[in-house]
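Structure, as C-alpha cells:
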Amino acid sequence: MASKASKADSEPPVIRMDDLGARLARRKAELGLPDLPRNAGTRRTPSKRALLKAIEEIGGKW
C-alpha cells in the first residue's frame, strides 16, 4: 500500500544520458574540477587487453 504522500500513479522523470553528461560537464567546469587522467592500464590481465584491442579494432572507443 502506498503512503498518502506517494505519487504511485506518476512516472519518474526521464533523464537522457547526453543531457546528463552535458549537465555534469558544466557542473565540473563551474566547480573548477580538473579532468582526471584515465587509468594507465599497466596491470591489466591478458584477457582484458585482448577485449580492449578487439573493441578498438571494430571502431569502438572505450
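Since the model is a prediction, treat every value here as computed from it, not as a measurement.
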Next on the checklist: As an exercise, state the distance from CG of Leu31 to CZ of Arg26, rounded to the nearest 0.5 Å.
Outcome noted: 12.5 Å
Item to check | Arg23 CZ to Asp19 CG distance, which is reported to the nearest 0.5 Å | outcome: 8.0 Å
Checklist entry - Are any of the side-chain heavy atoms of Glu56 and Leu52 separated by less than 4.5 Å? => result no
Next on the checklist: To the nearest 0.5 Å, what is the distance between CG on Leu36 and CG on Leu33?
Outcome noted: 8.0 Å
Checklist outcome for this item: Separation between CD (Glu57) and NZ (Lys53), nearest 0.5 Å, reads 4.5 Å
Checklist entry - Atom CG of Leu20 and atom CZ of Arg16: how far apart are they, to the nearest 0.5 Å? => result 11.5 Å
Next on the checklist: Starting from Leu24, can I reach Met17 by hopping between I/L/V/M/F/W/Y residues whose side chains sit under 4.5 Å apart?
Outcome noted: yes
Checklist entry - Are Lys28 and Asp35 side-chain neighbours, meaning at least one heavy-atom pair lies under 4.5 Å? => result yes
